[in-house]
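For reference, the structure is listed below as structure tokens.
Atoms within each ligand, like the ligands themselves, are counted from 1 in listed order.
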Amino acid sequence: ATGTPPAVAFEHVSKNYSSRHGQTPVPALRDVSVSVGPGSITGVIGPSGAGKSTLIRLVNGLEHATSGRVSLFGREVGALSEAEWRRERRSIGMIFQHFNLLSSRTVFQNVALPLVIAGVPSAQIRPRVERLLDLVGIADKRDRYPAELSGGQKQRVGIARALANDPRILLCDEATSALDPETTLSILRLLRQVNRDLGVTILLITHEIPVIKEICDRVAVLEAGRIVESGPVFDVFTRPATPIAARFAVAATGVDLPPEWEARKLAPGQAGAHSLVRITLAGQAGAALARLGALGPGVEIVSARIDSIGGRPFGVVLALLDPKTVPLARLRAALPDPRPLIEEIAHVA
Ligand SMILES: Nc1ncnc2c1ncn2[C@@H]1O[C@H](COP(=O)(O)OP(=O)(O)OP(=O)(O)O)[C@@H](O)[C@H]1O
């Protein structure tokens, strides 16, 4: 515990929207406590309607918590005066799914706008905007209009504009959801560069696993207004503790029960001839696969994947065990340290 406050802290935050007919309020966030470390890239993932946008709107002051506290760099958002909040808001940069550029302004003018609004003298604006356009790699497009740009280029303009006032934190609202996978990757790399080189904290919300997997240090899983799981991305995706995190983990790790096995599933409690196990390996995935192979005919590998999350290697293997030849205990004993997670996911005929 150092003296540095989190970039963003939610403490027991609930948010209800009043319903259109004025009766039952709509709960969008329920008792959310989560914090974003300064300098981190933190992601919030959840399905549509989970409350992700509400979370962002509470940070940028567009909405206020019904109960609980939201703080920005140690200062409670709801307790700031108008004037303090106006100043504090400059420490927040925002990027959007649909870029929100002004179509009648050039790239240069779009990026310059926040500086003009902040009253920066025009002699300082030009070099600042040029530096930002260089940083995001679109210096050659400075006099183009948004309609003349690709989606990825538009988002680069959006990022340059968000950085214009030297924010301490960047809020990203589904920033890559309108982009194809390759462009998504290039924008995520740019965000990582911004985080690393400028020290800007990033809080992003998304429903896309690759976004979390590619750049986040930590992730919080939001479901129906509640944070059901949070922690380092690697831990949440390789050791999911809740069904929804497990669903995201399957998407992250790419290993799921192949459809032909679904049909062979026996009802829970029914003793089956074979058990299907999921083995999650951290570290020595290759060595573990070799040991699995060496166990002989009692183990059949159904699917396997070796990959990395946040630069840490992991592997996920689905294997069919004949419990007469290879009981779980033997499987466990055969696999090297660090001890893998072994879960029995189905009995199959
Ligand atoms: N202004 C509003 N008035 C009433 N209800 C709202 C309002 N904004 C959001 N909600 C409700 O609050 C809940 C959370 O919405 P929110 O937009 O935060 O979710 P989300 O996770 O961002 O979803 P999506 O990914 O679809 O944008 C939903 O049930 C939504 O219908």
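Closest heavy-atom contact between Leu132 and Ala160: CD1-O, 3.7 Å.
Under the 4.0 Å criterion applied to side-chain N and carboxylate O atoms, Lys141 and Glu148 are not assigned as salt-bridge partners. Here Asp173 does not pair with Lys52 in a salt bridge; the nearest charged N to carboxylate O distance is not below 4.0 Å. Under a 4.0 Å N-O distance rule, the pair Arg192/Glu214 qualifies as a salt bridge. Using a 4.0 Å cut-off between charged side-chain N and carboxylate O, Asp166 and Arg128 make a salt bridge.
A donor-acceptor contact shorter than 3.5 Å links the side chain of Asn195 to the backbone of Gly39.
Scanning all protein heavy atoms for the shortest distance to atom 18 (O) of ligand 1 gives Thr54 OG1, 2.6 Å. If you check which protein heavy atom lies closest to atom 31 (O) of ligand 1, you get Val26 CG1, 5.0 Å. Shortest contact from atom 19 (O) of ligand 1 to any protein heavy atom: Gly51 N, 3.1 Å. Ser53 OG, 3.7 Å is the protein heavy atom nearest to atom 27 (O) of ligand 1. For atom 23 (O) of ligand 1, the closest heavy atom belonging to the protein is Gly49 N, 2.7 Å. With hydrogens left out, the protein atom closest to atom 26 (O) of ligand 1 is Ser48 OG, 2.5 Å, a heavy atom. At the shortest separation from atom 25 (O) of ligand 1 among protein heavy atoms lies Lys52 NZ, 2.9 Å. Ranking protein heavy atoms by distance to atom 4 (C) of ligand 1, first place goes to Tyr17 CB, 3.3 Å.
The protein reaches atom 6 (C) of ligand 1 closely, with a heavy atom under 4.0 angstrom from it. The nearest protein heavy atom to atom 1 (N) of ligand 1 is closer than 4.0 Å.
With Phe73 as the aromatic partner, Arg168 meets the cation-pi criteria of under 6.0 angstrom to the ring centre and within 45 degrees of the ring axis.
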Please list every donor-acceptor pair under 3.5 Å in which a side-chain atom of residues 7-17 meets a protein atom from a residue at least two apart or in another chain.
{"unit_1": "Glu11", "atom_1": "OE2", "unit_2": "Arg69", "atom_2": "NE", "d": "3.2"}
{"unit_1": "His12", "atom_1": "ND1", "unit_2": "Asp31", "atom_2": "OD1", "d": "2.7"}
{"unit_1": "Ser14", "atom_1": "OG", "unit_2": "Asp31", "atom_2": "N", "d": "2.9"}
{"unit_1": "Lys15", "atom_1": "NZ", "unit_2": "Glu63", "atom_2": "OE1", "d": "3.4"}
{"unit_1": "Lys15", "atom_1": "NZ", "unit_2": "His64", "atom_2": "O", "d": "3.0"}
{"unit_1": "Tyr17", "atom_1": "OH", "unit_2": "Thr54", "atom_2": "OG1", "d": "2.8"}
{"unit_1": "Tyr17", "atom_1": "OH", "unit_2": "Arg57", "atom_2": "NH2", "d": "2.6"}

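Residue contacts with ligand 1: Pro47 is included, with a non-hydrogen atom under 4.0 Å away. Taking a 4.0 Å cut-off on heavy atoms, Arg57 registers as neighbouring ligand 1. Heavy-atom distances between Gly46 and ligand 1 stay at or above 4.0 Å for every pair.
Of the polar atoms of Ser18, none of the N or O atoms is found under 3.5 Å from an N or O of ligand 1, judged by distance alone. Geometrically, ligand 1 and Ala50 share a nitrogen or oxygen pair separated by less than 3.5 Å.
Note on Val70 and Leu204: separate hydrophobic clusters, where clusters join Ile, Leu, Val, Met, Phe, Trp and Tyr whose side-chain heavy atoms are under 4.5 Å apart, directly or indirectly.
Atom CZ of Arg332 has more than 12 neighbouring heavy atoms from other residues, nucleotides or ligands inside a 6.0 Å radius.
Within the listing of ligand 1, atoms 12 (O), 13 (C), 14 (C) sit less than 4.0 angstrom from a heavy atom of Ala28.
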